[in-house]
Amino acid sequence: MKPQSPNIVPTDVYLSFVSSLFGNRKTLFTGMIVQILTYVAVYSKSGAHFYIYLSAVFIVVCIYRIFWFQRFDAADKDAMSREDIARWERRYLYGGVSTTTLLGIGCGFAVLVLQDFFAEIACIAVTLASMVSVVGRNYGSPKAVNLQTISASLPISLGFLLLKDPYMVLLSFTLIPFVLTTRSMANGVREFLYKNVIASREISLIADRFDTALNNMTHGLFMLDGNNRILVVNRKACELLHLTNQDQLKDCELDVVLRYGVRNAFIDGSLPSLIQRQLAQLVDGSLSRTLIQFNEDLFLEFSANRRPDGVVILIFEDVTSRIRAERKILHMVRFDPLTGLPNREYFIDLVKENLAARRQAGTIGIMVLDVDDFKHVNDTKGHISGDRMLVKIAARLKEEAGGSALVARLMGDQFVLFFPNDDNAQDLDLRIRALHGAIAGNYEVDGNTFRISVSGGYVTIDSLEFRPEEWQIKADLALFETKSRVKGGCSAFEEEMDARYIERQKLKDDLRDAIENGGLHAAYQPMFKPDGSRIECCEALSRWVHPEKGSVPPTVFVQIAEEMGIVSGITKFMLNQACRDCATWPSSISVSVNLSVQDLRSSNVVAVVTEALATSGLSPSRLHLEVTESCLMDELATVRAILTELRNKGITIAIDDFGTGFSSLSYLDSLPIDVVKIDRSFVRNITEDARRLKLLRGTVNLSRELGLEIVVEGVETQDQLTLINKYQCADYVQGYVFSTPVPTERILAMVESLAKKQIIRRRKNVA
């Protein structure tokens, strides 16, 4: 690597070489002072004024060089182009070559003209000394070395040659090796320094790249020696550990750095010993990776690599976001998003943890709560209000439970509580019932006040006998017992409930078989003209005779069917059976079939009705379909569309049990209704209670104003019938006063009997 021209070296190296020309100026100016003094001494010795003139020129050159040296110091080196650097080199050459030329002229004049021994020795000594300094000062510029060496040597050689003395001529030629040697030495120094500059630049570039890569890592890094002292630390490590003065951390012990973090409240006070223990395990190789929590807002995951020379590299990253996400996911898995309470699975885990940590066995309690008629809140005020209601109930549960019970949400409007009863108190049942009683009451939601009651069922068992798969069954059985007796109550599990539950499950299986295999049959309760002269319609009522239990009341098996979601199967059977039976009756008699809530949740019921009519051949005008007000509360728009489609087919639509639901009058105007069946509760006391009779008459008058036909249900006595006829309160009457539900065969017999009575009555009137 031997640059012959500054054009083949990089610009930054060229700048460094030129900068070296302007360096070491103290020795340069010292040499110039010595040179001037030497010429003054020569003048003093020889009396030659020529040296006074040379000294004056020396001073001018010195001033020139001082000026440009100062200008170079003030110049912006980073902004220099290669041309600017060459210009500065030329400025240096003007001064340097002028100096060596003056030295050479002084020597040549002393040799050729003065021929004074002192003058010759003094001038040549100063010149040769200056020539030696050329190597040390001007190695950076080949031009400077060549021009200054030649300009100093050439006048001396000419002086020796012009003397024409053979020895002097020989001496003049000896200057040639001196010039060449000086030039070679300068080139050698320049080449050596050039190699080092290039190597240094490459090392600096590599170091800069390494430093850039190290300090732009997304991971923190510590390199530790065998004594746990920091050899290398990157910027990310300082950021993650909240450390300042990165450069000052070198050679510090890692433990000291962490203690510094503690003093600056970076690490929670209870954690330093744990953190140091974890890091010690990483350093000694016991662990290769570990997660360290420095505080609630910082989790770092460390990995360690130990090298054979004892150096340990610790790499770590901030995993706080990941930990938070994992915690959030875990919270979502464990807790109900609406109420913030533990869900069923996490509730079981918490119960197990409590029992595992329990010091001694004892009685524990688990209670399941169900909000009564919660569906009514959703239906009347919307699901948002319903959700807010659940949140308030959950908050009251947590407040009332305090530290005595663990509260969780099972599903929907059901909650569960665990009573650990750590002190094994004997009043556990009383405390469970007291908490149940505290939950009921008024709740304010969206400006509305709701009176809420909660049904509860609980089980108390020995802590050693807790089985996750059994507790809810027993608590649910107790809850079912409560709801079957009275809503808002609370029942404890008893072994008899288990037997009743098993029996009910068997009854469900038998009912399913009965529906699928034709085990049901139909009975019919006629609707008479108010004077009892004619049957206008018969209501079809489902009946089930169990092979072992005998007749099962409709209130029991219909409720079971609704729970099982198979009530539509009963409806389908009744529609087909009723249409077939009605087709065998006189054409003046219609049949009425009840539709359930489940039937009206999809338009499939329209196809079932159409198929029943088509199969039996019954005219649609002879089919009445009855819906209760509870059917209308859920998805009113869907129900309206289905009823309208059925009515358009010629089927008569009736509201059953009118007056027992919510907002009854609004349905009369908004739905396609032909008949209103007034509930038996309006009739029960009309002979004793005048207000009840007025209420009945008012309801009848309103319905007639809307063009609806009236059926009064539950008429059981002759006195009730007399009042109804007196005030013309019914178009049709249904009740025990005329007939109980009967088989289809009895309908034909009753029709024949009524026909005979009419014939006898007409004959009497004629006679």
Side-chain angles (χ1 to χ4, degrees), residues 1-32 35 57-105 127 129-155 176 178-205 208:
M1 188 178 298
K2 187 176 180 181
Q4 300 298 322
S5 168
N7 292 325
I8 66 173
V9 299
T11 301
D12 58 337
V13 178
Y14 183 27
L15 175 61
S16 69
F17 282 166
V18 173
S19 297
S20 70
L21 300 176
F22 289 88
N24 299 321
R25 61 194 64 177
K26 289 183 179 180
T27 59
L28 175 66
F29 295 140
T30 300
M32 294 187 71
Q35 293 162 2
V57 176
F58 259 123
I59 292 172
V60 172
V61 172
C62 183
I63 293 172
Y64 169 86
R65 299 187 76 178
I66 290 173
F67 172 78
W68 286 112
F69 270 67
Q70 291 177 342
R71 291 291 300 275
F72 184 80
D73 290 340
D76 184 3
K77 312 297 189 299
D78 295 332
M80 287 185 185
S81 64
R82 197 175 190 88
E83 221 173 282
D84 294 333
I85 298 171
R87 192 177 299 115
W88 280 106
E89 184 182 16
R90 288 193 296 273
R91 288 167 182 161
Y92 177 83
L93 288 176
Y94 297 152
V97 174
S98 297
T99 300
T100 53
T101 301
L102 290 175
L103 289 173
I105 291 172
T127 301
S130 298
M131 290 283 290
V132 172
S133 68
V134 167
V135 175
R137 177 181 303 283
N138 300 280
Y139 64 86
S141 173
K143 291 180 181 178
V145 173
N146 295 335
L147 292 176
Q148 290 186 75
T149 303
I150 293 171
S151 62
S153 301
L154 186 59
I176 295 174
F178 175 75
V179 171
L180 295 176
T181 301
T182 301
R183 183 174 180 274
S184 176
M185 289 174 59
N187 289 338
V189 171
R190 183 171 63 258
E191 181 180 351
F192 173 78
L193 292 177
Y194 175 71
K195 289 180 179 179
N196 281 274
V197 168
I198 294 299
S200 175
R201 188 178 70 167
E202 290 179 352
I203 292 172
S204 176
L205 180 62
D208 184 64

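Throughout, residue positions are numbered sequentially from 1 according to the sequence presented.
Contact annotation: the side chain of Y92 never approaches that of E89 to less than 4.5 Å [non-hydrogen atoms, C-beta and beyond]. Side-chain contact between F72 and K77: present, with at least one pair of heavy atoms (C-beta onward) separated by less than 4.5 Å.
Of all the heavy atoms in P155 and G104, the pair that sits closest is CB-O, 3.0 Å. For the residue pair V61 and T99, the shortest heavy atom distance occurs at CG1-OG1, 3.5 Å. Of all heavy-atom pairs between A75 and M80, the closest is CB-CE, 3.5 Å.
Remark: R91 fails to qualify as a cation-pi partner of F69 under the 6.0 Å distance and 45° angle criteria applied to the six-membered ring.
Summarising the local packing, CZ of R87 is surrounded by more than 12 heavy atoms from other residues, nucleotides or ligands at distances under 6.0 Å.
Note: W68 CH2 to R90 CZ = 11.5 Å, rounded to the nearest 0.5 Å. From I63, atom CD1 reaches atom CZ of F67 across 12.0 Å, with rounding to the nearest 0.5 Å. Atoms CZ and CG, on F58 and L103 in that order, are 4.0 Å from each other to the nearest 0.5 Å. How far CD1 of I59 is from CE of M32: 9.5 Å, rounded to the nearest 0.5 Å.
Under the rule for a salt bridge (Lys or Arg N to Asp or Glu O under 4.0 Å), the partners of D73 that lie at least two apart in sequence or sit in another chain are R25. The side-chain contact (heavy atoms from CB on, under 4.5 Å) search around T101 returns V97, I105, S151, not counting sequence neighbours. Shown here are the side-chain contact (heavy atoms from CB on, under 4.5 Å) partners of D76, two or more places apart in sequence or in another chain: D78, A79.
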